[in-house]
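Keep in mind it's a predicted model, so treat the numbers as computed, not measured.
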Amino acid sequence: MKIAICFSGETGKKLAEELSAWLPDVLTNAKPFFAPHDIRKGRAWFQELAAAVDQADAALLCLTDDDPGPWLYWEAGRSRSPYPVAFGFKPRKILEGPLGQYQLTEFALDDVQKLMSSLNTQKGGPRRNAQSLERSVRSSWRGLAARVGPILKERPCAFLDRICGAWWERIVSQEATAISFVQILPAENPGMVRLHGYGYDREGSSSAEWHSSLALVDPALQLVHYVWQGTADGAREGTGEIHFSSAPDGQVTGANGSISDDDGKGRYQRKRFVLARATADERGIMEGTDDASKAALAREKVRQVP
């Protein structure tokens, strides 16, 4: 049984390599095709890749929390039997996209067991005894999971890298704070960021400051959920979430969100906001020490608010 192992990105490549090496141990007649190993030097790689996907009885699509990329979509569309496999993330975003039309496998023992059973009974499959197959999967699973775990732990989060930086925040229903300068920074723990915001009124004077005490990143849904505290006419605290939007190439183009604002005295508000990326020059000014330049830039940004 010919099985094409498809991937996107460096992390996907490492996962695909482990899956390719593991498959023949459980599906004894399986013949995986893993392009970095199976396309010989000097060969026309595109023609060989296309032929391998065309001739494969099935294609396993190794998905991470990075964008799958155009080649993986191309391989899925070309394959006669694509099987997406999600490694290390909840596949809600994938299910909403083009790959959502295929039944998806999460990288967990029970789900992978079902995937192997499906491949085993597919036309052209190895047709191994079901009980023997189950024992083989379960006995070898710990080793596979032990090799996959470090790959997932060390993987770079492309989405997190794309959202970090400096942003301008505008409250949709304008009140005392006209504009805020918000920094999104990496955190020590994987899957988390730090947020720090400075509010300015229409005169360019500082009117608020806040920071996150917890901020969790959900790359699959392009969301950041956070808890914040700060000062603006007294101590305040609340929660918030930011919904990011991306271009087809994966670059983050903007965001919108909402916060709850509680002053601890029974006054509670829910506010909506939009985010726009600050330029490198703007970031340099706002992260500098020249208060007059900060105030002038804040007044200029306020004038741009509708």
Side-chain angles (χ1 to χ4, degrees), residues 1-89 91 94 99 102 104-109 111-120 122-128 133 136-158:
M1 180 183 190
K2 297 179 180 179
I3 303 177
I5 312 296
C6 307
F7 63 91
S8 177
E10 190 61 31
T11 299
K13 177 182 176 182
K14 293 177 181 178
L15 296 169
E17 185 172 19
E18 293 296 343
L19 200 58
S20 177
W22 176 76
L23 271 173
D25 292 339
V26 293
L27 296 175
T28 53
N29 291 332
K31 297 179 180 179
F33 172 86
F34 176 56
H37 288 175
D38 297 321
I39 296 180
R40 290 171 291 171
K41 298 297 184 183
R43 305 291 292 184
W45 67 269
F46 178 79
Q47 287 87 341
E48 294 219 357
L49 176 62
V53 174
D54 289 345
Q55 295 168 14
D57 300 293
L60 301 187
L61 314 176
C62 298
L63 305 176
T64 68
D65 53 8
D66 293 336
D67 187 272
W71 280 111
L72 203 58
Y73 286 117
W74 175 82
E75 290 168 319
R78 196 174 184 107
S79 170
R80 67 183 73 172
S81 296
Y83 292 85
V85 182
F87 287 85
F89 73 105
I94 296 298
L99 297 179
Y102 308 112
L104 186 140
T105 298
E106 293 190 47
F107 186 73
L109 174 55
D111 228 20
V112 171
Q113 177 73 65
K114 294 175 183 177
L115 171 61
M116 294 301 107
S117 296
S118 294
L119 292 174
N120 188 51
Q122 182 174 308
K123 183 179 179 181
R127 300 281 179 175
R128 185 174 180 178
L133 174 62
S136 181
V137 172
R138 293 187 178 277
S139 64
S140 62
W141 175 258
R142 181 176 295 181
L144 176 63
R147 295 189 296 274
V148 165
I151 296 173
L152 295 177
K153 185 176 181 180
E154 296 173 4
R155 74 191 187 280
C157 178

Review point. Under the side chain to side chain contact (heavy atoms under 4.5 Å, CB included) criterion, do Leu15 and Leu152 qualify, and how do the steps go?
Key: CA-CA 9 Å; Leu15 296 169; Leu152 295 177; 3.9 Å; yes
Review point. Got a sec, which residues hit ring-ring contact (aromatic ring centres under 6.0 Å, His included) with Trp74, two or more places apart in sequence or on another chain?
Key: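 Result, ring-ring contact (aromatic ring centres under 6.0 Å, His included) vs Trp74: Phe46, Trp71.
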Practice item. For Phe33, check ring-ring contact (aromatic ring centres under 6.0 Å, His included) against everything at least two apart and list the hits. Key: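 Result, ring-ring contact (aromatic ring centres under 6.0 Å, His included) vs Phe33: none returned.
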Check your understanding: Between Ser118 (side chain) and Lys114 (backbone), is there a donor-acceptor pair under 3.5 Å?
Key ->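 Here the side-chain-to-backbone pair exists.
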Practice item. Measure across Val53 and Arg78 and return the closest heavy-atom pair with its distance rounded to 0.1 Å. Key: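 Heavy atoms only, the tightest pair is CG1-CB, 4.0 Å.
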**Study point:** Nearest non-hydrogen partners of Arg138 and Leu109, listed with the distance
**Key:**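 In terms of heavy atoms, the two residues are closest at NH1-CD2, 3.2 Å.
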Please name all residues satisfying side-chain contact (heavy atoms from CB on, under 4.5 Å) with [X], sequence neighbours left out, ordered by chain then number.
| X | result |
| --- | --- |
| Thr105 | Val85, Asp111, Val112, Leu115 |
| Pro24 | Pro32 |
| Ser140 | Trp22, Val26 |

Practice item. Any chance you could lay out the side chain to side chain contact (heavy atoms under 4.5 Å, CB included) test for Lys14 and Thr11, step after step, and finish with the verdict? Key: CA-CA 5 Å; Lys14 293 177 181 178; Thr11 299; 5.8 Å; no
Check your understanding: Tell me, which pairs form a salt bridge (Lys or Arg N to Asp or Glu O under 4.0 Å) where one or both residues lie in residues 20-34, sequence neighbours left out?
Key ->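 Qualifying pairs: none.
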Review point. How about Phe34 and Lys13: do any of their side-chain heavy atoms sit closer than 4.5 Å?
Key: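 Heavy-atom side-chain distance check passes, below 4.5 Å.
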